[in-house]
> 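Encoded as C-alpha coordinates, here's the structure I'll be asking about.
Every heavy atom of this structure was used, including side-chain atoms; hydrogens, water molecules and symmetry mates were not.
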Amino acid sequence: QVNLVESGGGSVQPGGSLVLSCEYSGFLPSDYYMGWFRQYAGQEREDEGVAAMRSDGDTAYADSAGSRFTISQSKADNTLSLQIVGLKPEDTAMYYCAVGYGWVRHILLSSNYKYWGQGTQVTVSS
(Lines give C-alpha, C1' and ligand atoms only; values in the text may rest on other atoms or scores of the structure.)
Protein backbone atom coordinates (compact mmCIF):
# COMPACT_ATOMS: atom_id res chain seq x y z
CA GLN A 1 0.00 0.00 0.00
CA VAL A 2 1.25 3.46 -0.89
CA ASN A 3 -0.35 6.61 0.49
CA LEU A 4 -0.08 9.86 -1.42
CA VAL A 5 -0.90 13.35 -0.21
CA GLU A 6 -0.72 16.29 -2.58
CA SER A 7 -0.25 19.92 -1.60
CA GLY A 8 0.83 23.22 -3.08
CA GLY A 9 -2.18 24.06 -5.20
CA GLY A 10 -3.88 27.41 -5.06
CA SER A 11 -5.04 30.43 -7.01
CA VAL A 12 -2.46 32.04 -9.25
CA GLN A 13 -2.49 34.78 -11.84
CA PRO A 14 -1.57 33.94 -15.42
CA GLY A 15 2.16 33.87 -15.88
CA GLY A 16 2.76 32.80 -12.31
CA SER A 17 4.32 29.60 -11.07
CA LEU A 18 3.59 26.88 -8.57
CA VAL A 19 5.32 23.87 -7.11
CA LEU A 20 3.01 20.99 -6.35
CA SER A 21 4.19 18.41 -3.86
CA CYS A 22 3.17 14.83 -3.29
CA GLU A 23 4.32 13.21 -0.09
CA TYR A 24 4.31 9.45 -0.32
CA SER A 25 4.55 6.76 2.30
CA GLY A 26 4.45 3.00 2.36
CA PHE A 27 6.37 0.38 0.48
CA LEU A 28 7.70 1.22 -2.95
CA PRO A 29 9.02 -1.62 -5.10
CA SER A 30 12.33 -0.92 -6.79
CA ASP A 31 10.65 -0.68 -10.20
CA TYR A 32 8.17 2.04 -9.33
CA TYR A 33 7.20 5.06 -11.36
CA MET A 34 5.33 8.20 -10.38
CA GLY A 35 3.32 10.71 -12.31
CA TRP A 36 1.15 13.78 -12.26
CA PHE A 37 -2.26 13.85 -13.84
CA ARG A 38 -4.95 16.45 -14.09
CA GLN A 39 -8.68 16.56 -14.18
CA TYR A 40 -10.58 19.52 -15.54
CA ALA A 41 -13.82 20.57 -13.93
CA GLY A 42 -16.73 18.53 -15.14
CA GLN A 43 -14.53 16.05 -16.97
CA GLU A 44 -12.94 12.72 -16.31
CA ARG A 45 -9.32 12.61 -15.28
CA GLU A 46 -7.14 12.71 -18.34
CA ASP A 47 -5.79 9.43 -19.60
CA GLU A 48 -2.39 10.95 -20.24
CA GLY A 49 -0.44 12.54 -17.46
CA VAL A 50 1.51 15.76 -17.76
CA ALA A 51 4.75 14.33 -16.38
CA ALA A 52 6.08 11.08 -14.97
CA MET A 53 9.29 9.67 -13.61
CA ARG A 54 10.72 6.18 -13.22
CA SER A 55 12.64 5.07 -10.16
CA ASP A 56 15.88 5.36 -12.14
CA GLY A 57 15.20 9.03 -12.79
CA ASP A 58 14.02 8.70 -16.37
CA THR A 59 11.30 11.28 -17.06
CA ALA A 60 8.49 11.64 -19.54
CA TYR A 61 6.39 14.67 -20.40
CA ALA A 62 3.23 15.06 -22.38
CA ASP A 63 3.71 16.93 -25.65
CA SER A 64 1.09 19.40 -24.46
CA ALA A 65 3.16 20.16 -21.36
CA GLY A 66 5.90 21.81 -23.35
CA SER A 67 8.74 23.07 -21.24
CA ARG A 68 6.57 24.58 -18.54
CA PHE A 69 6.40 21.49 -16.36
CA THR A 70 9.26 19.90 -14.45
CA ILE A 71 8.91 16.74 -12.40
CA SER A 72 11.38 15.89 -9.67
CA GLN A 73 11.72 13.62 -6.68
CA SER A 74 13.36 13.93 -3.32
CA LYS A 75 13.96 10.45 -2.00
CA ALA A 76 15.24 11.91 1.25
CA ASP A 77 11.90 13.61 1.85
CA ASN A 78 9.70 11.01 0.13
CA THR A 79 8.31 13.76 -2.03
CA LEU A 80 7.42 14.02 -5.69
CA SER A 81 7.18 17.55 -7.04
CA LEU A 82 5.81 19.24 -10.12
CA GLN A 83 6.98 22.73 -10.93
CA ILE A 84 4.78 24.67 -13.28
CA VAL A 85 5.88 28.00 -14.71
CA GLY A 86 4.10 30.38 -17.02
CA LEU A 87 0.72 29.24 -15.76
CA LYS A 88 -2.20 29.65 -18.13
CA PRO A 89 -5.93 29.66 -17.44
CA GLU A 90 -6.14 26.33 -19.25
CA ASP A 91 -3.90 24.82 -16.56
CA THR A 92 -6.79 25.19 -14.13
CA ALA A 93 -7.53 21.69 -12.94
CA MET A 94 -7.25 19.28 -10.07
CA TYR A 95 -3.79 17.76 -10.06
CA TYR A 96 -3.23 14.23 -8.85
CA CYS A 97 -0.08 12.29 -8.20
CA ALA A 98 0.01 8.56 -8.68
CA VAL A 99 2.32 5.59 -8.27
CA GLY A 100 2.64 2.41 -10.26
CA TYR A 101 5.19 -0.36 -10.45
CA GLY A 102 6.48 -3.05 -12.75
CA TRP A 103 7.66 -2.62 -16.30
CA VAL A 104 5.39 -0.55 -18.54
CA ARG A 105 6.32 1.19 -21.74
CA HIS A 106 4.25 4.30 -21.26
CA ILE A 107 4.48 5.80 -17.80
CA LEU A 108 2.21 8.68 -18.80
CA LEU A 109 -0.84 6.45 -19.15
CA SER A 110 -3.14 6.65 -16.17
CA SER A 111 -4.28 3.06 -16.60
CA ASN A 112 -0.79 1.92 -15.61
CA TYR A 113 -1.07 3.44 -12.14
CA LYS A 114 -2.23 1.73 -9.00
CA TYR A 115 -2.19 4.30 -6.21
CA TRP A 116 -3.63 7.78 -6.33
CA GLY A 117 -3.71 10.81 -4.08
CA GLN A 118 -6.73 12.98 -3.40
CA GLY A 119 -5.57 15.84 -5.57
CA THR A 120 -4.73 19.51 -5.18
CA GLN A 121 -6.60 22.25 -7.00
CA VAL A 122 -4.81 24.73 -9.23
CA THR A 123 -6.77 27.76 -10.39
CA VAL A 124 -5.26 30.24 -12.81
CA SER A 125 -7.17 33.45 -13.34
CA SER A 126 -6.70 37.18 -13.31
> Out of curiosity, Lys88 NZ to Arg68 CZ, how far, rounded to the nearest 0.5 Å?
4.5 Å
> Within a strict 4.5 Å, meaning less than it, do heavy atoms of the Val122 and Thr92 side chains meet?
no
> State plainly whether the residues Asp31 and Arg54 are in salt-bridge range, i.e. N to O under 4.0 Å.
no
> So, for Ile107 and Ala52, which heavy atoms are closest and what is the spacing to 0.1 Å?
O-CB, 3.4 Å
> Can you check whether Phe37 and Trp116 have ring centres sitting under 6.0 Å from each other?
yes
> Nearest 0.5 Å please: distance from the CG atom of Leu18 over to the OH atom of Tyr95.
9.0 Å
> With a cut-off of 6.0 Å (strictly less than), are more than 12 heavy atoms of other residues, nucleotides or ligands near CD of Glu44?
no
> Say whether, by atom type as modelled, one donor and one acceptor occur between the side chain of Thr123 and the main chain of Ser11 under 3.5 angstrom.
no
> To the nearest 0.5 Å, tell me how far Met34 CE sits from Met53 CE.
9.5 Å
> Would you name the heavy atoms of Ile71 and Tyr61 that are closest together and state the gap between them?
N-OH, 2.9 Å
> Are more than 12 heavy atoms, taken from residues, nucleotides or ligands other than Asp58, located less than 6.0 Å from that residue's CG atom?
yes
> Tell me if the CD atom of Glu46 is crowded by more than 12 foreign heavy atoms within 6.0 Å.
yes
> Output the distance between atom SG (Cys22) and atom CD (Glu6), rounded to the nearest 0.5 Å.
5.0 Å
> Applying the side chain to side chain donor-acceptor pair (under 3.5 Å) criterion to Tyr96, which one of Gln118, Gln39, Arg38 satisfies it?
Gln39
> Write down the atom of Leu80, the atom of Tyr24, and the distance for their closest heavy-atom approach.
N-CE2, 3.9 Å
> Rounded at 0.5 Å granularity, tell me how far CG in Leu4 sits from OG in Ser25.
7.5 Å
> Taking the six-membered ring for Trp and the full ring for Phe, Tyr or His, determine whether the centres of Tyr113 and Tyr33 are under 6.0 Å apart.
yes
> Please name the pair of heavy atoms, one in Ser81 and one in Ser21, separated by the smallest distance, quoted to 0.1 Å.
OG-OG, 4.1 Å
> Roughly how far, to the nearest 0.5 Å, is CD of Glu48 from CG of Leu109?
7.0 Å
> Quick check against the 3.5 Å criterion: does Ser64 have a side-chain atom that pairs as donor or acceptor with the backbone of Ala62?
no
> Apply side-chain contact (heavy atoms from CB on, under 4.5 Å) to residues Asp91 and Phe69 and explain how you reach the verdict.
CA-CA 11 Å; Asp91 293 322; Phe69 294 78; 3.9 Å; yes
